[in-house]
Enquirer: 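What follows is a structure written as structure tokens; I'll ask about it next.
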Amino acid sequence: MEKIYDVAIIGAGPAGLTAALYCARAGLDCVIIEKSAVGGLAVTTSDIENYPGFKHIDGFSLCYQMMEQCQSLNVPFVFDEALSLENGKDVKTLLLSQDKTLLCKKVILTSGATPRKLGVDGEGEFIGRGVSYCATCDGNFFKGKTVAVIGGGNTAVEDALYLEKLAAKVYLVHRRNALRADKILGERLASSAVIPIWDSVVAKISGSDKVSEMTLKNVKTDTLTDVSVDGVFVAIGQSPNSQVFEGLNCDASGYVLTDEEMHTNIDGVYCAGDVRSKSLRQIVTACADGAIAAAAIAREIL
Ligand code: NAP
């Protein structure tokens, strides 16, 4: 007979890893399903300064330690994609790739978010040839070169400051003249060598075999300007990966709605982390969500 897990956790970012930690320690038989790499978007952060207990830690190291903590409790990792859910009353069936299935009593969806695309000419064509969504992954390829980071949030400013250490010249292109990023990051940006370009959006990315130029449009004057760059790092926010199951209630931006114990509208399905509708998306809040969901399940089924 096929094994029935108490809990299947979909996504091995900080929310999923913390949910697994709390499930395992509560005596729940849980499994993590991950379709790509452990750590989710958090591993793309070069320097985390607001996860309590660490003055500085990079996202990869933090997530690696979370993974090791789960492994020390014998949590199994299944590297596969959860495609759909058949929501039985006592037992749920997750359909994975190649018609494989996984049975469980409860599901915690911790599928995170995916970097948003600019949607301009040249962006898709030059992915991996100058267009990147991850400064920590690809920054090294741009040592001594000229790059632009697009966006005005925490990710964009952190990426620009990270790239400043590698590249010869870094532009930060933002569609407004005020940052969305935390004040402390804005102050660091102001005292860095990063060159801000305000009130501007990317109209086009061009080159021959790789990126050599971006065309910017000033949103106040509609003026178009060509700027020579070797790399364009897009950091304009994320879209929630909430399409895993049909029927989940989401907010207007597609983030999954839950109650305070992370219950979704689907019986036995919980949601935690960046994919959840909430006011603060941080590693620490993702971890907290995961812990709350696991504790709620433990109360319900043990
Ligand atoms: P974000 O906070 O949503 O910021 C996205 C930025 O991109 C905004 O400045 C936005 O402009 C701009 N933008 C959005 N769509 C655009 C478009 N089509 N064209 C040009 N610009 C566009 O996203 P994020 O920086 O990735 O951060 C996501 C979440 O993770 C946030 O909650 C953030 O606080 C958190 N985070 C935290 C840390 C940290 O605490 N260390 C680090 C990274 C991320 P507007 O400002 O005009 O809307």
Side-chain angles (χ1 to χ4, degrees), residues 13-15 39-63 110-124 131-137 139 148-163 171-189 194 196-205 214-220 222 227 232-242 251-255 272-289:
L41 274 187
V43 295
T44 67
T45 306
S46 58
D47 190 12
I48 297 163
E49 296 180 347
N50 54 6
Y51 189 80
F54 297 90
K55 274 192 191 160
H56 291 276
I57 187 164
D58 65 275
F60 179 83
S61 301
L62 181 62
C63 294
T110 56
S111 48
T114 302
R116 209 179 274 147
K117 301 245 177 2
L118 288 166
V120 298
D121 280 357
E123 181 183 23
V131 172
S132 170
Y133 301 86
C134 176
T136 45
C137 318
V149 177
I150 319 301
N154 282 333
T155 305
V157 176
E158 284 185 350
D159 286 358
L161 293 171
Y162 173 74
L163 290 166
Y171 297 106
L172 181 86
V173 180
H174 183 32
R175 64 183 176 182
R176 293 187 290 135
N177 63 2
L179 293 171
R180 178 175 296 278
D182 294 347
K183 193 165 170 255
I184 189 169
L185 289 174
E187 287 165 0
R188 275 184 212 161
L189 188 79
V194 174
I197 302 179
W198 305 112
D199 298 316
S200 298
V201 293
V202 179
K204 192 172 69 170
I205 297 168
M214 62 180 179
T215 305
L216 299 182
K217 183 172 109 172
N218 183 300
V219 294
K220 291 194 168 153
D222 278 349
V227 181
V232 177
F233 287 83
V234 182
I236 59 165
Q238 291 125 29
S239 312
N241 298 325
S242 53
D251 66 18
S253 305
Y255 291 93
D274 279 5
V275 67
R276 187 172 88 84
S277 179
K278 57 181 175 177
S279 60
L280 184 63
R281 285 194 183 80
Q282 301 274 293
I283 296 176
V284 72
T285 61
C287 294
D289 287 359

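Quantities reported herein were computed from a predicted structural model and do not represent experimental measurements. Reckoned from all heavy atoms, side chains included, excluding hydrogens, waters and symmetry mates. Throughout, residue positions are numbered sequentially from 1 according to the sequence presented. In each ligand, atom 1 is the first atom listed, and ligand 1 is the first ligand listed.
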Enquirer: Under the side-chain contact (heavy atoms from CB on, under 4.5 Å) test against I150, which residue among I236, D159, V201, V131 passes?
Expert: I236
Enquirer: For the residue pair P14 and Y51, establish whether any side-chain heavy-atom pair is separated by less than 4.5 Å.
Expert: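 Of all side-chain heavy-atom pairs linking Y51 with P14, none is under 4.5 Å.
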Enquirer: Just going by heavy-atom distances, which of D182, T45, N50 is nearest to atom 40 (O) of ligand 1?
Expert: N50
Enquirer: Please state which protein non-hydrogen atom is closest to atom 34 (O) of ligand 1 and give its distance, to 0.1 Å?
Expert: N154 ND2, 3.0 Å
Enquirer: Less than 4.5 Å apart, side chain to side chain, heavy atoms only: is that true for M214 and V120?
Expert: no
Enquirer: For S239, which residues count as a side-chain hydrogen bond (donor to acceptor under 3.5 Å, both in side chains) partner, sequence neighbours excluded?
Expert: none
Enquirer: Under a 4.5 Å cut-off applied to non-hydrogen side-chain atoms, are P52 and V284 in contact?
Expert: yes
Enquirer: With no hydrogens and no angle check, is any side-chain donor or acceptor of Q238 less than 3.5 Å from a backbone partner on A113?
Expert: no
Enquirer: To the nearest 0.1 Å, how far is atom 47 (O) of ligand 1 from its closest protein heavy atom, and which atom is that?
Expert: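 The closest one turns out to be R176 NE, 2.7 Å.
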Enquirer: Checking a contact table here: which protein heavy atom is nearest atom 1 (P) of ligand 1, and how many Å away?
Expert: R180 CD, 4.0 Å
Enquirer: Among V232, V227, L216, exactly one meets side-chain contact (heavy atoms from CB on, under 4.5 Å) together with V173. Which residue is that?
Expert: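 Single side-chain contact (heavy atoms from CB on, under 4.5 Å) partner of V173 among V232, V227, L216: L216.
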Enquirer: Return the option from A286, G237, G153 holding the heavy atom at the smallest distance from atom 23 (O) of ligand 1.
Expert: G237
Enquirer: Give the residue, atom name and distance (to 0.1 Å) of the protein heavy atom nearest atom 18 (N) of ligand 1.
Expert: I236 CD1, 3.8 Å
Enquirer: Nearest protein heavy atom to atom 16 (C) of ligand 1, by residue and atom, and its distance?
Expert: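 Protein heavy atom with the smallest distance to atom 16 (C) of ligand 1: R175 NH1, 3.3 Å.
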Enquirer: Give the numbers and elements of all ligand 1 atoms closer than 4.0 Å to a heavy atom of Q238.
Expert: 26 (O), 28 (C)
Enquirer: Give the residue and atom name of whichever protein heavy atom lies nearest to atom 31 (C) of ligand 1, and the separation in Å to one decimal.
Expert: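 Going by distance alone, atom 31 (C) of ligand 1 is nearest to R281 O, 4.1 Å.
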Enquirer: Taking NZ in K278 as the centre, count heavy atoms belonging to other residues, nucleotides or ligands within less than 6.0 Å. Is the count above 12?
Expert: yes
Enquirer: Out of all atoms in ligand 1, which are within 4.0 Å of some heavy atom of R116? Include the element for each.
Expert: 14 (C), 15 (N)
Enquirer: Side chain, backbone, both or neither: which part of Q282 has a heavy atom under 4.0 Å from ligand 1?
Expert: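 Side chain only.
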Enquirer: Got a donor-acceptor contact below 3.5 angstrom from the D289 side chain to the G273 backbone?
Expert: yes
Enquirer: So which protein heavy atom does atom 9 (O) of ligand 1 come closest to, and at what separation?
Expert: G152 N, 3.0 Å
Enquirer: To the nearest 0.1 Å, how far is atom 42 (C) of ligand 1 from its closest protein heavy atom, and which atom is that?
Expert: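 The closest heavy atom on the protein side is E158 OE1, 3.4 Å.
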